[in-house]
Amino acid sequence: MLIRKQFKFEACHCVRECNSERCKKSFHGHSYVVEVFFRTPKLTDYGMVIDFGDLKKIGVAALFDHFDHSWHFWNKEADDVKEFIRNHNQRWIELPFNPTAENYAAFFCKAINKLLKTSNIDNKAAICSSVRVHETATGWAEATIEDTTNIDDTIILSKETMES
Ligand SMILES: [Zn+2]
């Protein structure tokens, strides 16, 4: 059985090293739409894959809230860029990967599965089978568990991001 829950966040990024001049040379924003898919071979006694209330309880909603209204940057940015972002923004996240839709999808899939494994949810057999990240109205990337093997999930959040 498969279910889907949608989350959203607004964020600023720059995708270095890609082919698009607009994407790689200018920081810009997106309204991200994220579809999270959960799968299980066995429903709970009350007939669910996972209770959406549990997602809030275990921190999935908070995870996306951390990413909202935040400046995301790759830790390979130039030192002066990183310094500017940290000094002139309350909300920022330093990422160990280039902030592409593909990498966000793999990161979220890995992070959500970690939350599921370490939390006491009713359905122990439920997994996050994939995450689809829509960066624009016309394009998305989808990551499955197999895609999470090589994604580094050691992100650094600003103090203000941690607190809200
Ligand atoms: Zn972009």
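All ligand and atom numbering here is 1-based and tracks the order in the structure.
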Original post:
Between E77 and R16, is there a side-chain N and carboxylate O pair less than 4.0 Å apart?
Top reply: yes

Subject >> side-chain hydrogen bond (donor to acceptor under 3.5 Å, both in side chains) partners for T148, two or more places apart >> reply: none

Original post:
Which pairs count as salt bridge (charged side-chain N to carboxylate O under 4.0 Å, His left out) when at least one residue sits in residues 97-114, sequence neighbours excluded?
Top reply: K114-D153

Original post:
What residue pairs, at least two apart or across chains, pass salt bridge (charged side-chain N to carboxylate O under 4.0 Å, His left out) with a residue in residues 17-26?
Top reply: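 Every salt bridge (charged side-chain N to carboxylate O under 4.0 Å, His left out) pair that includes a residue of residues 17-26, provided the two are not neighbours, is E21-K24, E21-K25.
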
Original post:
Protein N, O or S atoms less than 2.8 Å from the Zn ion (ligand 1), ignoring waters?
Top reply: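 Correct list: H13 NE2, H28 NE2, H30 NE2.
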
Original post:
In terms of side-chain heavy atoms, does N98 have a donor or acceptor partner in T100 at a distance below 3.5 Å?
Top reply: no

Original post:
Does NZ or CZ of K8 lie under 6.0 Å from the centre of the six-membered ring of F64, at an angle within 45° of the ring axis?
Top reply: no

